[in-house]
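Beneath this line is the structure, given in structure tokens, with notes to follow.
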Amino acid sequence: MYEFRTLLDRFWVTRREDKALYFSLKRALPDYRRLVNELLGWNLVVNESVVKLEKVPPRAMPWMGIQSFQEPMDYCLLCTLLLFLADLDDGAPFLLSSLTQAIETFLSELQPVDWTRFPHRKSLVRVLQYAKEVGLVLVYDGNSALFSSDQTQEVLYENTGLSRHFPVHFGRDIMHCRSIEDFEAFSWEGDDTQQRRRRVYRQLSLTPGLYCSDQGDYNYIKNQHRTINENLDQFLNGEMHLYKNGAFFLLSEGERCGALYPGTRALSDAALLLCAQIREQVIQGVYSRRTDDTVLLTRREFRYEIQRCRDRYGNGWGSQLRACSLEQISQELTAYMAGWMLLEELDGDILLYPAVGKLVGRYPAAYQNESGEGEDDEPLEDE
């Protein structure tokens, strides 16, 4: 189902930016409405300007944020931009200077901004660039990027009117919410079975997998795995793999939807090679598996495995990754694998999840650890 994958892959589809796709999604609405409403429990926004699937996850995870944002200030400024746009008519022009003045007023008692400070200006630039990318504003004259070096820089924008559709519609008062868990609780309505069904479908649709730490959800998958697989295959074109320690829905070869693992980055190759190496160590008894098939390593042990992996295969990695220090590689690889639910950072340890033993790769047999040039070295043989 191409239409559903498109909505899953994109934040929204606007009539202004892609008229043909916008009407295609509207025509196909009856085909995927049941999946959205009953199985996933998501809200679908369809009006004269936009089609948007509000993809509320089963639980919040760090990698679900806006990738271009770097600081909490970015999100504060985005919220103030939405408040500012809400007071404007659709198509109304406005200047950057009027926006910065409004932001100062909005945040004066919460988190005052100082436009003489470079980090605050740079934060606003990131927000404005994101707002332009998703279609909240149009730029008529000027360049917002110049604001980071010159606070007197002026830019002329137009409000597209899409800002009212940007926030998630919870359908109830959120003023008493004080934590992420408070917002997550809004997602669950109906009886326990309905809630569990929606959690399972959301987890398999949005995340790399579902582990058996939640025994109730895992038992639901075991009992309904054929139905779940048929439904997801119909709309996403793939296959669910069920194991004693978790479930994973893998797209068919050649299909693309959202971010993919493994990807084309050298860091992805390094993760596959590291997983294969750790798997070998577990099989040989160097590290022991726990009852849930997780493996607990100290940070020193994990860093040692990364060093061994670099010594064995490092010459086959891209030039940028080869130039990094062991500390830099360790930090980037840990964050990358955590984002793909391969591991979790604990206080002094690294908890490796069962997928580490499944998602592995090796260089072709002819590889002799000879130096390569650039990022596009000979590809891995995935397993």
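Fair warning: this is a prediction, and the values are worked out from it, not measured in the lab. Just so you know, residue 1 is the first one in the sequence shown, and it goes up from there.
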Q) When you measure from the side chain of T334 to the backbone N and O of S330, does any donor-acceptor pair fall under 3.5 Å? A) yes
Q: Could you tell me whether a side-chain N or O of T160 sits under 3.5 Å from a main-chain N or O of L136, the two making a donor and an acceptor?
A: yes
Q: With side chain to side chain donor-acceptor pair (under 3.5 Å) as the test, would you mind laying out the steps for Q331 and E327 before giving the verdict?
A: CA-CA 6 Å; Q331 291 178 357; E327 182 63 29; 3.1 Å; yes
(Q) For N229, is there any backbone N or O sitting under 3.5 Å from a side-chain donor or acceptor partner on D233? (A) no
Q) How far apart are the closest heavy atoms of G41 and R202, and which atoms are they? A) O-NH2, 3.0 Å
Q) Is L326 reachable from L343 through a run of I, L, V, M, F, W or Y residues, each pair having side-chain heavy atoms under 4.5 Å apart? A) yes
**Q.** Side-chain ion pair, R312 and E280, N-O less than 4.0 Å
**A.** yes
(Q) Under 4.5 Å between side-chain heavy atoms, counting indirect links through other Ile/Leu/Val/Met/Phe/Trp/Tyr residues: same cluster for V45 and L85 or not? (A) yes
Q. Taking the side chain from Q203 and the backbone from P58, do they hold a donor-acceptor pair closer than 3.5 Å?
A. no
Q. Between I221 and L204, what is the shortest heavy-atom contact and its length?
A. CD1-CD1, 4.5 Å
**Q.** R303 atom CZ: more than 12 heavy-atom contacts under 6.0 Å
**A.** yes
Q) Hey, does the side chain of K55 reach the backbone of L7 with a donor-acceptor pair shorter than 3.5 angstrom? A) yes
Q: Determine the interplanar angle of the F166 and Y130 rings, folded into 0 to 90°, and report it as parallel if under 30°, tilted if 30 to 60°, perpendicular if over 60°.
A: perpendicular
Q. Does the side chain of N237 pick up a donor-acceptor pair with the side chain of S252 at under 3.5 Å?
A. yes
Q) Does a side-chain heavy-atom distance below 4.5 Å link V13 with V50? A) no
Q | Short N-O contact, R178 and D182, less than 4.0 angstrom | A | no
(Q) Taking atom NZ as the centre, does K132 end up with more than 12 heavy-atom neighbours from other residues, nucleotides or ligands that are less than 6.0 angstrom away? (A) no
Q. How long is the gap from CD on E48 to NZ on K26, to the nearest 0.5 Å?
A. 8.0 Å
Q. Quick check: are there more than 12 heavy atoms from other residues, nucleotides or ligands sitting under 6.0 Å from CD of E109?
A. no
Q: Flag the pair D89 / N159 as yes when at least one side-chain heavy-atom distance between them is below 4.5 Å, and no otherwise.
A: no
Q. Given side chains that start at C-beta, do those of I103 and T80 come closer than 4.5 Å, heavy atoms only?
A. yes
Q) How about Q129 and E133: does a side-chain donor come under 3.5 Å of a side-chain acceptor? A) no
(Q) Does R164 form a side chain to side chain contact (heavy atoms under 4.5 Å, CB included) with D90? I'd like the steps, not just the answer. (A) CA-CA 10 Å; R164 68 174 69 93; D90 295 358; 2.8 Å; yes
Q) Can you tell me if E344 uses its side chain to pair, donor with acceptor, with the backbone of L352 under 3.5 Å? A) no
Q. Is there side-chain contact between F248 and L359, with at least one heavy-atom pair below 4.5 Å?
A. no
Q: Please tell me if the side chains of Y22 and T14 come closer than 4.5 Å, counting only heavy atoms from C-beta onward.
A: no
Q | Distance-only donor-acceptor check, side chains E3 and Y32, under 3.5 Å | A | no
Q. Can you hop from V155 to L146 via hydrophobic side chains spaced under 4.5 Å?
A. no
Q | Under 3.5 Å side-chain donor-acceptor pair for D293 and Y353 | A | no
Q | I329 to L321 - nearest heavy-atom pair and separation | A | CD1-O, 3.7 Å
Q: Please step through side chain to side chain contact (heavy atoms under 4.5 Å, CB included) for the pair V139 and L156, ending with a clear verdict.
A: CA-CA 6 Å; V139 178; L156 177 62; over 6 Å; no
Q. Do D217 and K222 meet the salt-bridge criterion of a basic N to acidic O distance under 4.0 Å?
A. no
Q | Value rounded to 0.5 Å, distance of NE2 in H120 from CE in M73 | A | 3.5 Å
**Q.** Beyond-backbone contact of Y287 with E305, side-chain heavy atoms, under 4.5 angstrom
**A.** yes
(Q) Between V137 and L162, is the side chain to side chain contact (heavy atoms under 4.5 Å, CB included) condition met? List the steps. (A) CA-CA 8 Å; V137 300; L162 293 176; over 6 Å; no
Q | Heavy-atom pair of closest approach, residues W42 and V56 | A | NE1-O, 2.8 Å
Q. Is R299 reaching over with its side chain to a backbone N or O of L346, donor-acceptor style, under 3.5 angstrom?
A. yes
Q. Is E38 salt-bridged to R198, going by a charged N under 4.0 Å from an acidic O?
A. no
Q: For Y140 and Y157, run side chain to side chain contact (heavy atoms under 4.5 Å, CB included): C-alpha distance rounded to whole Å, both residues' side-chain angles, the deciding distance at 0.1 Å, then the answer.
A: CA-CA 6 Å; Y140 273 142; Y157 298 97; over 6 Å; no
Q: Would you confirm whether W12, through its side chain, and V134, through its main-chain N or O, come within 3.5 Å as a donor-acceptor pair?
A: yes
Q.
Taking L29 as the starting point, is it possible to reach L236 by hopping between hydrophobic residues whose side chains are less than 4.5 Å apart?
A. yes
Q. According to a 4.5 Å side-chain heavy-atom criterion applied to Ile, Leu, Val, Met, Phe, Trp and Tyr, with indirect links allowed, do L81 and V168 form part of one hydrophobic cluster?
A. no
Q: Give a yes or no on whether the backbone of F11 and the side-chain of K52 come within a donor-acceptor separation of less than 3.5 Å.
A: no
Q. Where the side chain of R126 meets the backbone of F69, is there a donor-acceptor pair that is under 3.5 Å apart?
A. no
Q | Whether over 12 other heavy atoms sit under 6.0 Å from R290 CZ | A | yes
Q: Please report the closest heavy-atom contact between L82 and P167, naming both atoms and the distance.
A: CD1-CG, 4.5 Å
Q. Is the gap between the ring centers of F84 and F106 under 6.0 Å?
A. no
Q: Look up atom CD1 in I350 and atom CG in L297, then write down how far apart they are to the nearest 0.5 Å.
A: 8.0 Å
Q: Please round to the nearest 0.5 Å and tell me the distance separating atom CZ of R10 and atom CZ of R5.
A: 12.5 Å
**Q.** Side-chain heavy-atom pair L342, Y336 within 4.5 angstrom cut-off
**A.** no
Q.
Using 30° and 60° as the class boundaries, would you call the ring planes of F147 and W115 parallel, tilted or perpendicular?
A. perpendicular
Q) Which pair of heavy atoms, one from C76 and one from Q111, lies closest together, and at what distance? A) SG-OE1, 3.3 Å
Q) Do F23 and R15 come close enough that some side-chain heavy atom pair is under 4.5 Å? A) yes
Q) What distance do Q234 atom CD and D31 atom CG have between them, rounded to the nearest 0.5 Å? A) 8.5 Å
**Q.** R308 atom CZ, neighbour heavy-atom count above 12 within 6.0 Å
**A.** yes
Q. To the nearest 0.5 Å, how far apart are CG in L273 and CZ in R310?
A. 14.0 Å
